[in-house]
Amino acid sequence: MTADVSLLNLSKAFNGVAALNDVSLEINAGEFIVLLGPSGCGKSTLLSIIGGFLAASSGKVFIGGKDMTSVPPSVRPTTTMFQDYALFPHMSLRDNVAFGLKMRKVGRKERNHTADTFLDMVGLKASANRKPHELSGGQRQRVALARALSVSPDLLLLDEPLGALDMKLRRQMQDELKAIQKEIGTTFIHVTHDQEEAMAIADRIVVMNQGAIEGLGKPSDIYMRPQSLFSAGFMGEVNLISGTVTTINKQQYTIKTKIGSFELLADAFVNSEPQVGKDVTLCIRPEQISARSDAGRNLKPLIPAKILSSAFFGTHFRCLLAPDLAPELRLIAHLPQSSEMLQGSVVDLVFDTANMTVLLSA
Amino acid sequence: MYSRLSNVLCGTYFIAIYGFIFLPVAVLVLYSFQDGTLPIPPFNGVTFKWYSEVFADSKLMSALANSIIVAVLSSIIACLLGFCAAYALSRYRLPGSAFQRILITAPMTVSYLIIALGLLVLFNWMGIRLSLWTVGVGHVVINLPLCFAIIYASMGDHQKNIERAARDLGANNFQVMLLITAPMLMPSILAALFLSITFSWDEFIISFLLSRFDVTLPVEIWSLLRSGLNPKTNAIGSLVFLLSVGLLIILELFVFRQRSPK
């Protein structure tokens, strides 16, 4: 089953300190939403309010069009997958998964059958009689997922469920989560502070900071067209360079910065209308900078810079550069793995202006 | 040289400490088989006659039954109350919770004599006649703090999240307590239960002061002792000891061993 969710003006304060500040969000039925933000940004608080474990100071929660604001968790059409799994240690896996059905007064035979089906879905049918302490972390995680899904919730809440797993297992579980979500169509709301995880699984990402939503959109939009300086900085590395809009010429805008002038289209302005004289910030992803020799295309402008250091990252060289025009500034560029980047040498940088974005300066 | 000396010292210490603890019990058990009328040296030979006399003594046997009933019932009540108190104090924000915790554990520091006197005065004032029930109440009073302390110590935040998961899956508060919290804490609940059964089984002062016609075993043994030493008292003492050891072994086998592999 599945349901849409709408959150209206949710606020929450703990002892006078605001944890959530007037958050509103519309989630479609069957969507995989990721709440992304640093610790303390309010994402877990928001999840707890949706699950009914915390009462909001103000605002409303609608699930499937019904007002759930003051409904206790046991009656909400939601279930939660907890970070520490929270499996029942004294019960077999089958009894763990069947617990929710037992609470719904489903007969033993039927609920055991359903539990086995869900254990099968997560690949643990053969272990149905074992106890949680006999399993590895990844297996416990799967049981927690099966248990949460066994009662056919309209909405599954995932509270940093992959935080305790190692990198390889985490990738694998991300793929499985995504596949299972597509298969059953239940709305998923997943909390994480890991932007790679968010991009890997989300239909839409909600970037949160200090109790408010900073950005909302498809992973590619969140990364390529961040809606705030915070989003830009949180979703991977970015070079933020302040400048001023100087001329407008037929949809072409010139932005003057310390390291040179850039010509951008109106489309690059994400959160403001372009206006001459306005102070703006250029967001340049490290992979949007290349050295001329290996660029191949005729990109502009050319900006000479000195390589201060470079490190090999497998897929690219990560270089720290000081532009000649403003040697006190630092640029980070991801240059191709084939290039030989010598420390101290000067390279001509070219910028992929078509994909750069402009934000209003804070 | 040095290590040999320390080995000898350790061995002596080992023998001394276990001898100190168990020699009196060993002597008690040995002279329960005394073929004679006095449980004092010399040891005349082995006989089981004192044991058959114990089992033939209807007063002793009914005292034994009384002791078992009082120990089991009062311990179950003490455990139940202790569990409820521990659950409330660890899961809910209660007014003056630190103070309440101190109040519940306080009887542990008060001597049994004072507790017994207090209860005696109270029962008199309320017009309640002394019986096995009043003894049971006394034992709940002394065992409740113990049960509370053991169970409360084993309630952690990790279990809190597990209870939250149960609630999330549709369990109400009572179901959470019955199906999740109690089974999860079963090792410590059983430890508390068995310990308080042993304490109640052995307890004398409260049983003595709060009983009248029906008495528990320690009280009956005490009245036997008043008529002088007798191998029969050794025999009943050995039986009491055997039962306590039995409980301890059950506790070790089924409660503490289960915990260790985790």
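Chain A is the first sequence line, chain B the second, and so forth, proteins listed ahead of strands; every chain is numbered from 1.
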B:Leu119 side, atom CG; B:Leu209 side, atom CG - distance, nearest 0.5 Å: 10.0 Å

B:Tyr18 and B:Phe22 aromatic ring geometry - parallel, tilted or perpendicular at 30°/60° bounds: parallel

Contact class of A:Leu87 relative to chain B, heavy atoms under 4.5 angstrom: backbone

No-hydrogen, no-angle side-chain donor-acceptor test under 3.5 Å, B:His139 and B:Ser207: yes

Whether B:Tyr87 and B:Tyr92 hold their rings parallel, tilted or perpendicular, with breakpoints at 30° and 60°: perpendicular

Side chain to side chain, A:Ile189 and A:Leu158, heavy atoms closer than 4.5 Å: no

Side-chain heavy atoms of B:Asp202 within contact of B:Ser244, under 4.5 Å: yes

Distance, nearest 0.5 Å, that separates CG of B:Leu239 from CG of B:Leu64: 8.0 Å

Structural part of A:Met91 lying under 4.5 Å from a heavy atom of chain B: side chain

Interface residues of residues 52-73 of chain A facing chain B - heavy atom cut-off under 4.5 Å: A:Phe53, A:Pro73

Salt-bridge present (A:Lys182, A:Asp203; N to O < 4.0 Å): yes

Side chain proximity check, A:Leu177 to A:Ile180, heavy atoms < 4.5 angstrom: no

Residue-level interface, residues 97-126 of chain A with chain B, non-hydrogen cut-off under 4.5 Å: A:Phe99, A:Gly100, A:Lys102, A:Met103, A:Arg104

A:Arg147 portion near chain B, given a 4.5 angstrom heavy-atom threshold: both

Parallel, tilted or perpendicular: rings of B:Phe148 and B:Tyr152 (30°, 60°): parallel

Residue pair B:Thr181 / B:Gln159, side-chain donor-acceptor N/O under 3.5 Å: no

